[in-house]
Q: 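Provided herewith is a single structure, encoded as structure tokens, for subsequent inquiry.
As the structure lists them, so they are numbered: ligands from 1, and atoms in each ligand from 1. Keep in mind that this is a model prediction, so the values were computed, not measured.
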Amino acid sequence: MYSEKVMDHFMNPRNQREIPDADGIGEVGNQKCGDIMRIFLKIRDGRVEDASFQTFGCGAAVASSSMATEMILGKTLEEAWEISNKAVAEALEGLPPQKLHCSVLAEEAIHAAINDYRKKQGLSLWGESGT
Ligand code: FES
């Protein structure tokens with residue numbers, strides 16, 4: 001039921017670690033399934049210098065967070081904010097419909113981590129529209 005890409009990122013997750021001195025940390029959970037995802041960001045000159053994750057959840061959530069950290073590496077904060085759950089699911093060559101919410105967690109965790117960083121910098125928080 002999973003694509004090869006999903007299996008690959010589940011079996012060999014990229015960036016699965018903590019960043020102890022992260023500039024922004026976003027933690028989100030899905031109440032229904034109880035899965036939790038944490039994204040860590042290291043920001044330099046407005047760009048994602050390092051990104052990592054810890055996910056306590058299903059295989060699709062692990063694969064989504066692994067793919068999401070790969071996708072935001074080197075991106076500006078604006079570009080990272082724009083990465084949607086759809087883009088993550090597409091990069092994984094699709095997720096079964098009942099697993100799409102797992103990629104939503106990745107988008108939400110990135111947003112939470114970016115806003116955690118902005119809060120620590122004394123900057124205004126971004127809303128869901130990215131403004
Ligand atoms: Fe909940 Fe995948 S089943 S995140």
Q: So which heavy atom in the protein is nearest atom 4 (S) of ligand 1, and how far is it from that ligand atom?
A: D35 OD2, 3.0 Å

Q: Evaluate the side-chain proximity of E18 to S52: yes if any heavy-atom separation is below 4.5 Å, no if none is.
A: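 Result no, sub-4.5 Å side-chain heavy-atom pair not found.
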
Q: Can you tell me how far CG of L41 sits from CD1 of I72, rounded to the nearest 0.5 angstrom?
A: 5.0 Å

Q: Counting heavy atoms only, which part of A60 comes closer than 4.0 Å to ligand 1: side chain, backbone, both or neither?
A: neither

Q: Check each atom of ligand 1 against the heavy atoms of A61 and keep those under 4.0 Å away; list them by number with element.
A: 4 (S)

Q: Using a 4.0 Å cut-off to any heavy atom of C33, which atoms of ligand 1 qualify?
A: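 Here the atoms of ligand 1 in question are 1 (Fe), 3 (S), 4 (S).
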
Q: Considering the heavy atoms of C102, write down every atom of ligand 1 situated less than 4.0 Å from one of them.
A: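 The list of qualifying atoms is 2 (Fe), 3 (S), 4 (S).
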
Q: Going by heavy atoms, is L105 under 4.0 Å from ligand 1?
A: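 L105: in contact with ligand 1 (<4.0 Å).
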
Q: Considering residues, nucleotides and ligands other than K42, do more than 12 of their heavy atoms fall under 6.0 Å from its NZ?
A: yes

Q: So how far is it from T55 OG1 to E27 CD, rounded to the nearest 0.5 Å?
A: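 Output value for this atom pair is 10.0 Å.
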
Q: Check for me whether H101 has a heavy atom closer than 4.0 Å to any atom of ligand 1.
A: yes

Q: Heavy-atom count check: over 12 atoms from other residues, nucleotides or ligands less than 6.0 Å from Q98 CD?
A: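 Atom CD in Q98 is crowded, with more than 12 foreign heavy atoms closer than 6.0 Å.
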
Q: Roughly how far apart are E108 CD and N30 CG, rounded to 0.5 Å?
A: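 If I round to the nearest 0.5 Å, the distance is 8.0 Å.
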
Q: Check each atom of ligand 1 against the heavy atoms of C58 and keep those under 4.0 Å away; list them by number with element.
A: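 Selected atoms, number and element: 2 (Fe), 3 (S), 4 (S).
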
Q: Is there a path of hydrophobic side-chain contacts, each under 4.5 Å between heavy atoms of I/L/V/M/F/W/Y residues, joining V104 to I36?
A: no

Q: With a 4.0 Å heavy-atom cut-off (strictly under), which part of K99 contacts ligand 1: side chain, backbone, both or neither?
A: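 The side chain, only.
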
